[in-house]
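Proteins get letters first, then strands, A, B, ... in listed order; numbering begins at 1 in each.
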Amino acid sequence: MKAGCSIVEKPEGGGGYQFPDWAYKAESSPGSRQIQLWHFILELLQKEEFRHVIAWQQGEYGEFVIKDPDEVARLWGRRKCKPQMNYDKLSRALRYYYNKRILHKTKGKRFTYKFNFSKLVMPNYPFINIRSSGKTPACGAEWF
DNA sequence: CTCGGAAATC
DNA sequence: GATTTCCGAG
């Protein structure tokens with residue numbers, strides 16, 4: 001009997017949510033879909049307990065920095081029961097998100113990625129205001 | 001470190 | 001279809 005994969009959820013609120021729960025909402029579909037990587041990343045970013053391993057980058061909305069790639073990979077591997085998970089493998093899954101338009105990469109900075117909320121928010125909350133700047137990036141435009 | 005193809009797995 | 005694993009190139 002194997003039971004080393006117990007998902008322990010923390011019903012604690014960090015205190016200041018950056019995102020509504022639509023982002024972290026687990027798959028309640030009857031199809032038993034496993035959690036996607038970007039859901040998991042958002043879940044970690046939501047909690048202050050993990051801010052030593054991953055945290056939002058101040059200045060850009062949706063940008064985050066992975067401080068401890070090994071720790072993030074370890075937690076991700078625990079969730080997926082993949083003890084041999086590494087940042088190399090995790091980042092590869094992240095790289096596949098580039099084509100899915102879910103994630104972007106901030107070049108120049110190490111371990112720095114950015115969520116593409118133009119694609120994430122629209123199908124859920126098309127009325128959320130990303131940035132109150134006079135600049136409105138079109139679909140496909142750079143977010144720099 | 002970062003990118004991306006390919007095979008394999010679920 | 002999404003993710004994992006392996007690996008060569010930059």
Assign each of R92(A) and F111(A) to its nearest nucleotide of DNA chain B by heavy atoms, then name whichever residue's nucleotide is nearer the 5' end. F111(A)
Going 5' to 3' on DNA chain B, which nucleotide is the first and which the last to come under 4.0 Å of a heavy atom in chain A? dC1(B) to dA6(B)
d(F40(A) CZ, R79(A) CZ) to nearest 0.5 Å is 6.0 Å
In residues 83-91 of chain A, which ones come under 4.0 Å of DNA chain C, going by heavy atoms? M85(A), D88(A), K89(A)
Range on DNA chain C touched by chain A, heavy atoms, distance below 4.0 Å: dA2(C) to dC7(C)
May I ask you to say what Y96(A) touches in the nucleic acid, namely base, sugar-phosphate or nothing, with a heavy-atom cut-off under 4.0 Å? base
How far apart are the closest heavy atoms of L90(A) and L37(A), and which atoms are they? O-CD2, 3.8 Å
Can you check whether V72(A) reaches Y87(A) side chain to side chain, under 4.5 Å on heavy atoms? no
Quick one: does L103(A)'s side chain get under 4.5 Å of K114(A)'s, heavy atoms only? no
Hey, does R110(A) reach any base, or is it just sugar-phosphate, or nothing, if we go heavy atoms under 4.0 Å? sugar-phosphate
If you look at every heavy atom in Q36(A) and W76(A), which pair is closest and at what distance? C-CH2, 4.1 Å
Can you name the closest pair of heavy atoms from H52(A) and D68(A) and give their distance? O-OD2, 3.2 Å
With a distance cut-off below 6.0 Å to the six-membered ring centre and an angular limit of 45° from the axis, does R92(A) pair with Y96(A) as a cation-pi contact? yes
Please walk me through it: do F111(A) and F64(A) pass ring pair (Phe, Tyr, Trp, His ring centres under 6.0 Å)? CA-CA 8 Å; F111(A) 317 127; F64(A) 63 96; over 10 Å; no
Work out which heavy atom in W56(A) is nearest to a heavy atom in E63(A); give both atom names and the distance. CE3-O, 3.2 Å
Closest non-hydrogen atom pair, E43(A) against I35(A): OE1-CD1, 3.9 Å
With heavy atoms under 4.0 Å as the rule, sort F40(A) into base, sugar-phosphate or nothing. nothing
